[in-house]
Amino acid sequence: KPLFKLLLQNKKFLKLDFSNIKFGLSGGTAIDHEVEDAWFKLTKKHIVSGFGLTEASPCVSCNFVDNINFKDGTVGVPLPSTEIKIVDLQTGKEVGIGEEGNMWIRGPQVAKGYLNNPVENEKNFVDGWLVSGDVVKIDEDGFLTIVGRVKEMLNISGFNVSPYEIESIFNAHPDVVESIAIKAVDEKGHDTVKLFINKKNPNLTEK
């Protein structure tokens, strides 16, 4: 995401010929809608987002590269022979379409476990499933959306809140280049948010 955003802010890059570009490929973090829209207007091709992790290399899901069967803001559909289930963070039960939960993965790309680490294996590998630690939701067409990481989720007044959701709101502000939200704790021990902002407008204040 940061690379695409920086390229779109580079005047020399904006003058290049993009006629030979087939698609842009992104992984590791969700792409903001504003970045995807700006990239498509410039290159006439989408940023194809995918999702993978070390324990399930190289990829778990990916958007289609044909620029037609594509859903902005998602990381696509699971790859062939890859199973996904989404488990509620509190109850441990599988959730339905549109509901958020911890993504479990089973497929040929999933590792058997961590070498000589039975404690972590017991926590993260269950009956052939990899417990990813990523909070996701799936729509009626099977497209996955990354919401955040289990360890990064905030409990605000009993509601699960993702730092990514907070960042998306601030990143849409015209005077903000980039924002990063992290989990913090207040003086009463409750979850709170610490926000770091790279300002486009130096006069932008907390108000």
Side-chain angles (χ1 to χ4, degrees), residues 1-9 18 21-53 56 58-80 82 84-89 95-105 132-154 156 159-183 193 195-198 200:
K1 178 176 71 175
L3 178 59
F4 285 104
K5 202 162 190 175
L6 287 171
L7 288 172
L8 289 168
Q9 295 166 1
F18 302 102
I21 287 184
K22 302 299 182 184
F23 56 85
L25 185 62
S26 175
T29 184
I31 294 289
D32 294 334
H33 294 292
E34 291 75 18
V35 175
E36 156 61 23
D37 289 343
W39 184 266
F40 184 77
K41 288 177 182 176
L42 178 67
T43 68
K44 302 298 183 290
K45 300 294 181 181
H46 288 292
I47 299 174
V48 178
S49 294
F51 171 80
L53 61 166
C59 196
V60 171
S61 69
C62 192
N63 256 293
F64 296 93
V65 299
D66 57 13
N67 284 286
I68 300 172
N69 299 300
F70 172 89
K71 281 199 178 182
D72 182 20
T74 77
V75 290
V77 299
L79 297 184
T82 300
I84 298 292
K85 68 177 178 178
I86 303 172
V87 176
D88 186 88
L89 300 179
V95 302
I97 291 172
E99 297 181 81
E100 298 177 3
N102 192 352
M103 177 165 57
W104 290 32
I105 308 160
S132 73
D134 293 282
V135 181
V136 305
K137 58 185 178 181
I138 193 167
D139 68 16
E140 64 280 359
D141 296 319
F143 283 76
L144 290 161
T145 298
I146 303 296
V147 177
R149 292 282 298 166
V150 172
K151 294 179 180 179
E152 297 171 353
M153 295 295 287
L154 301 106
I156 307 295
F159 294 94
N160 288 322
V161 179
S162 165
Y164 170 68
E165 293 175 298
I166 299 169
E167 292 166 4
S168 296
I169 294 171
F170 281 89
N171 289 343
H173 194 286
D175 290 331
V176 172
V177 176
E178 190 78 28
S179 69
I180 298 293
I182 64 171
K183 185 176 182 178
V193 181
L195 188 70
F196 300 87
I197 295 179
N198 179 8
K200 187 182 300 181

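Since this is a predicted model, take the numbers as computed values, not measurements. Residue indices begin at 1 and follow the sequence shown.
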A.B. asks: Once rounded to the nearest 0.5 Å, what's the spacing between atom CH2 of Trp39 and atom CG of Leu7?
C.D. replies: 5.5 Å
A.B. asks: Looking at Lys71 and Asp139, what are the two nearest heavy atoms and their distance?
C.D. replies: NZ-OD2, 2.8 Å
A.B. asks: Would you check if His173 and Ile197 make a side-chain contact, meaning some heavy-atom pair closer than 4.5 Å?
C.D. replies: no
A.B. asks: Working to the nearest 0.5 angstrom, can you tell me the gap between Leu8 CG and Lys41 NZ?
C.D. replies: 11.5 Å
A.B. asks: Does some side-chain heavy atom of Ser61 sit less than 4.5 Å from a side-chain heavy atom of Thr82?
C.D. replies: no
A.B. asks: Looking at every heavy atom in both Val135 and Arg149, which two are closest together, and how far apart are they?
C.D. replies: CG2-C, 4.0 Å
A.B. asks: Answer yes or no: is there a donor N or O on one side and an acceptor on the other, between the side chain of Glu167 and the main chain of Ala181, under 3.5 Å?
C.D. replies: yes
A.B. asks: Side chains of Val150 and Leu89, heavy atoms from C-beta outward: is any pair under 4.5 Å?
C.D. replies: yes
A.B. asks: Measure the shortest side-chain to side-chain distance between Asp72 and Asp37 over non-hydrogen atoms and say whether it is less than 4.5 angstrom.
C.D. replies: yes
A.B. asks: Side chains of Ile182 and Pro163: closer than 4.5 Å at any heavy-atom pair?
C.D. replies: no
A.B. asks: Determine whether Phe196 and Phe170 make a side-chain contact, defined as any pair of heavy atoms from C-beta on separated by less than 4.5 Å.
C.D. replies: no
A.B. asks: Would you give the length of the straight line joining atom CG of Leu195 to atom CD1 of Ile180, rounded to the nearest 0.5 angstrom?
C.D. replies: 9.0 Å
A.B. asks: What distance do Asp88 atom CG and Glu100 atom CD have between them, rounded to the nearest 0.5 Å?
C.D. replies: 10.0 Å
A.B. asks: At their closest point, which heavy atom of Ser49 faces which heavy atom of Ile31, and how far apart are they?
C.D. replies: OG-CG1, 3.7 Å
A.B. asks: Is the backbone of Phe143 close enough, under 3.5 Å, to the side chain of Asp141 for a donor and an acceptor to pair up by distance?
C.D. replies: no
A.B. asks: For Val48 versus Cys62, what's the shortest heavy-atom pair and its separation?
C.D. replies: CG1-SG, 3.9 Å
A.B. asks: Quick one: CG on Asn63 to CD1 on Ile47, what's the gap to the nearest 0.5 Å?
C.D. replies: 11.0 Å
A.B. asks: When you compare the side chain of Val60 with that of Ile84, does any pair of heavy atoms fall below 4.5 Å?
C.D. replies: yes
A.B. asks: Let me confirm one number: the CG-NZ distance from Asn102 to Lys85, rounded to the nearest 0.5 Å.
C.D. replies: 10.5 Å
A.B. asks: Treating Asp175 as the side-chain partner and Lys200 as the backbone partner, does any N or O pair qualify as donor plus acceptor under 3.5 Å?
C.D. replies: no
A.B. asks: In chain order, what residues pass the side chain to side chain contact (heavy atoms under 4.5 Å, CB included) check against Val136, with sequence neighbours excluded?
C.D. replies: Ile86, Met103, Asp134, Leu144, Ile146
A.B. asks: Just do the side chain to side chain contact (heavy atoms under 4.5 Å, CB included) check on Leu53 and Ile105 with the steps written out, would you?
C.D. replies: CA-CA 11 Å; Leu53 61 166; Ile105 308 160; 3.9 Å; yes
A.B. asks: Evaluate the side chain to side chain contact (heavy atoms under 4.5 Å, CB included) criterion for residues Lys22 and Lys45: first the C-alpha distance (whole Å), next the side-chain angles of each, then the deciding distance (0.1 Å), finally the verdict.
C.D. replies: CA-CA 7 Å; Lys22 302 299 182 184; Lys45 300 294 181 181; 5.8 Å; no
